[in-house]
Amino acid sequence: DTEVTQTPKHLVMGMTNKKSLKCEQHMGHRAMYWYKQKAKKPPELMFVYSYEKLSINESVPSRFSPECPNSSLLNLHLHALQPEDSALYLCASSQDPEGTYGYTFGSGTRLTVV
Amino acid sequence: QKEVEQNSGPLSVPEGAIASLNCTYSDRGSQSFFWYRQYSGKSPELIMFIYSNGDKEDGRFTAQLNKASQYVSLLIRDSQPSDSATYLCAVNLGRVRDNLFFGTGTRLTVIP
């Protein structure tokens, strides 16, 4: 298995909703990442989990809450989002925490906040 | 100064031609270098990586690295319309925190 699986692929949510994005990999990768990507921009790092511990938090608003239940799973809990949070949310993993061999990205969740 | 710089394009080449994509980086401690292809609305896909100075070839793709000049490039030979995408250059600093930096991407269009 050489994939990172993300669900759902599309999500529309209201500003008062609570939802979660899920990410799964079975490659034995030791680091997992959440990225946010707006149209025509490169991915922006949100969170890094290294050996299941939150390594850095790039000053992301608290309405985004990451969780890493085990080495294969990564969740992103969403609450009280704003329309400007609409974007493609990407999960990625890397074989080592230094990302030496690059990242493998999931197919993403297209989030629309209404 | 940005960590990784790319010409945003758009770059247009005719089908069958060579497409040349360029990237410069600022941190001399950079250790590994990646090219990702991203189709519109899709996620980035790793197509090439290179660690050592020189050329690395994989099918129609060749990555070139010059650490002295802090320059990495991607050549696509016999360009096909299916190569039309945004190409993201990414540079790895080999550390746990903030280890991967992306350029803004170059949009490539291959004209049939």
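Letters go in sequence order (proteins before strands), and every chain restarts at 1.
At a cut-off of 3.5 Å, with distance as the only test, no side-chain donor of Glu98(A) or Gln31(B) sits close to an acceptor on the other residue.
Annotation: residues 54-73 of chain B contacts chain A through no residue [non-hydrogen atoms, separation under 4.5 Å]. For residues 67-87 of chain A, heavy-atom neighbours of chain B at less than 4.5 Å comprise no residues at all.
At least one side-chain heavy atom of Leu100(B) sits less than 4.5 Å from a side-chain heavy atom of Tyr103(A). Contact of the Tyr101(A) side chain with the Tyr51(B) side chain is registered, since non-hydrogen atoms from C-beta on lie closer than 4.5 Å. In this structure, Pro42(A) and Val4(B) have side chains that are not in contact, with every pair of non-hydrogen atoms separated by 4.5 Å or more. Proximity of Tyr33(A) to Asn99(B): side-chain heavy atoms (C-beta onward) are separated by under 4.5 Å at one or more points.
Contacts between Glu44(A) and chain B at a heavy-atom distance below 4.5 Å are absent for every atom of the residue. When heavy atoms are compared at a cutoff of 4.5 Å, Ser32(B) approaches chain A solely by way of its side chain, counted from C-beta outward.
Here the straight-line distance linking atom NZ of Lys40(A) with atom OG1 of Thr104(B) works out to 12.5 Å at 0.5 Å rounding. Atoms CD and CG, from Gln38(B) and Leu88(A) in turn, are 7.0 Å apart once rounded to the nearest 0.5 Å. Between the CG atom in Leu45(A) and the CZ atom in Phe101(B) there is a gap of 9.0 Å [rounded to 0.5 Å]. Here the CZ-CD distance, from Phe102(B) to Gln37(A), works out to 8.5 Å after rounding to the nearest 0.5 Å.
In the hydrophobic cluster analysis, where Ile, Leu, Val, Met, Phe, Trp and Tyr join through side-chain heavy atoms closer than 4.5 angstrom, Met13(A) is grouped together with Leu21(A). In the hydrophobic clustering of ILVMFWY residues, with side-chain heavy atoms under 4.5 Å counting as a link, Leu11(A) and Trp34(A) come out together. A continuous path of hydrophobic side-chain contacts links Leu46(B) to Phe105(A) [ILVMFWY only; heavy atoms under 4.5 Å]. In the hydrophobic clustering of this structure, Tyr51(A) does not group with Val48(A); members are Ile, Leu, Val, Met, Phe, Trp, Tyr whose side-chain heavy atoms approach within less than 4.5 Å, directly or through other members. Under a hydrophobic clustering in which Ile, Leu, Val, Met, Phe, Trp and Tyr are joined whenever their side-chain heavy atoms come within less than 4.5 Å, directly or via other members, Val4(A) and Tyr89(A) fall into different clusters.
Of the listed residues (Ser107(A), Gly108(A), Ala92(A)), the greatest number of heavy-atom pairs within a distance under 4.5 Å of chain B belongs to Ser107(A). Contact count versus chain B (heavy atoms, under 4.5 Å) is highest, among Asp96(A), Thr100(A), Leu90(A), for Thr100(A).
The minimum heavy-atom distance linking Gly99(A) with Asn92(B) is given by the pair O-ND2, 3.0 Å.
The local environment of NZ in Lys38(A) is crowded, with over 12 non-hydrogen atoms from other residues, nucleotides or ligands closer than 6.0 Å.
For the pair Ser43(B) (side chain) and Gly106(A) (backbone), a donor-acceptor distance under 3.5 Å is present.
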